[in-house]
Number of protein chains: 2
Amino acid sequence: MKAKNTIATRNTRQKDAIRAAFVETDRPLSPEEVLSYAQRSVSDVSIATVYRNLKTLVDDGWLVPVQLPGEPARYELSGKEHHHHFLCKDCRKVYELEGCVPTMKPKLPRGFRAVSHDLLLHGICAACIPRHA
Amino acid sequence: MKAKNTIATRNTRQKDAIRAAFVETDRPLSPEEVLSYAQRSVSDVSIATVYRNLKTLVDDGWLVPVQLPGEPARYELSGKEHHHHFLCKDCRKVYELEGCVPTMKPKLPRGFRAVSHDLLLHGICAACIPRHA
DNA sequence: CTGCGTGCAAATGCTTTGCAAAGAC
DNA sequence: GTCTTTGCAAAGCATTTGCACGCAG
């Protein structure tokens, strides 16, 4: 129940650094990853502030939470088209994937109604494959 | 590092009740759901025992964890074929789905190697649809 | 009997929150 | 100056673990 931007919102170094993390990285980030990035420019960001800003930015519609099975929540810039994610088993980084051919249709029991779906691919990302050779 | 069943394992009322929950329900269950079921037959099961037995049964290969985005872990009987799950937005129950046509192939970035995938359908289950009419 | 499994309560680990002080405007 | 945002530390929650006792074998 938060109005768009009719209510005063202040710009702080911390909030700027947090937003910058997403703009510069363009990859779903976990709170800890956001903290690391933000601390590069603003050394004294606290994890509590990261969590608070993530929540605020989600409420504002600037971020969307990315929930993955068995993983801490990640967040990504909102407004993107329908897409899914890739989780590297090695470095635990999450990447966005383009395209989703919803041709897979597991049989739904009678009377069930599906509204949406989540797909996650697991594997090794380009950066980690060399380490696996 | 637990051997199959060469090492002594004792049968207790609690463990029996926990195993029964899965056999009788045939649906992925959360620790809390397991506790509720188990307490029907053994009134004094503690949640700690549920967690301990879930871990043991997974180590023994009798259960497999079912991780879903943003949800507490569920567990289901092992040995089933590759399948995916359905989460009811209403009652939060998880159901197993048969069949998976892996025809959906989001574009992988160059150099990425996918090993497996997870698919979750969201919707309303047959039991909850009437309440939505 | 022996010692594994259990209940309880304390300990985690991650996320949220209260409060006084710092900072934006 | 006013009122939001921050940092710190304490509070919450779900899950795990230490310990002494109870029960299976």
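What you see is a predicted model, and the numbers here were worked out from it, not measured in a lab. Below, chain A is the first sequence line, B the second, and so on; all start at residue 1.
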query = Do we see a donor-acceptor contact under 3.5 Å between the side chains of A:Glu71 and A:His85?
reply =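 Absent: no donor and acceptor within the cut-off.
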query = Do the side-chain N and O atoms of B:His84 and B:Asp118 include a donor-acceptor pair separated by under 3.5 angstrom?
reply =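 Side chains of B:His84 and B:Asp118: no pair found under 3.5 Å.
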Write down the distance between [atom1] ([X]) and [atom2] ([N]), rounded to a whole number of angstrom.
| X | N | atom1 | atom2 | value |
| --- | --- | --- | --- | --- |
| B:Asp44 | C:dG5 | CG | P | 17 Å |
| B:Leu54 | D:dA14 | CG | P | 16 Å |
| A:Leu35 | D:dC8 | CG | P | 11 Å |
| B:Ile47 | C:dG5 | CD1 | P | 19 Å |
| B:Glu71 | D:dC13 | CD | C1' | 15 Å |
| A:Glu33 | C:dC14 | CD | C1' | 15 Å |
| A:Arg10 | D:dT6 | CZ | C1' | 12 Å |
| A:Glu32 | C:dC14 | CD | C1' | 9 Å |

message = Check whether A:Tyr37 forms a cation-pi arrangement with A:Arg40 (NZ or CZ under 6.0 Å from the six-membered ring centre, at most 45° off the ring normal).
response =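 Ring-cation test returns yes.
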message = Can you confirm whether B:Tyr75 sits close enough to B:Val64 that some side-chain heavy atom of one is under 4.5 Å from a side-chain heavy atom of the other?
response =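 No, their side chains stay 4.5 Å or more apart.
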query = Among D:dT4, D:dT6, C:dG5, which nucleotide sits nearest the side chain of A:Thr49?
reply =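 Taking heavy atoms from C-beta onward, the closest nucleotide is D:dT6.
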Using a cut-off of strictly less than 4.0 Å, decide whether [X] has a side-chain nitrogen or oxygen near OP1 or OP2 of [N].
| X | N | result |
| --- | --- | --- |
| B:Gln14 | D:dC23 | no |
| A:Asn53 | D:dT6 | yes |
| B:Thr12 | C:dT6 | yes |

inquiry  = Return whichever of B:Asn11 or B:Ala48 has its heavy-atom-nearest nucleotide of DNA chain D closer to the 5' end.
reply    =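 It is B:Ala48 whose nearest nucleotide is closer to the 5' end.
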key: Closest-nucleotide 5' rank along DNA chain D - winner of B:Lys55 and B:Arg13   =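 Going by which nucleotide is closer to the 5' end, it is B:Lys55.
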query = Charged N to carboxylate O under 4.0 angstrom, A:Lys93 versus A:Glu33?
reply =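 The answer is no: the pair does not qualify as a salt bridge.
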ask   = Is there a donor and acceptor pair closer than 3.5 Å between the side chain of B:Arg52 and the base of D:dG18?
value =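 Under the 3.5 Å cut-off, the side chain and the base do form a donor-acceptor pair.
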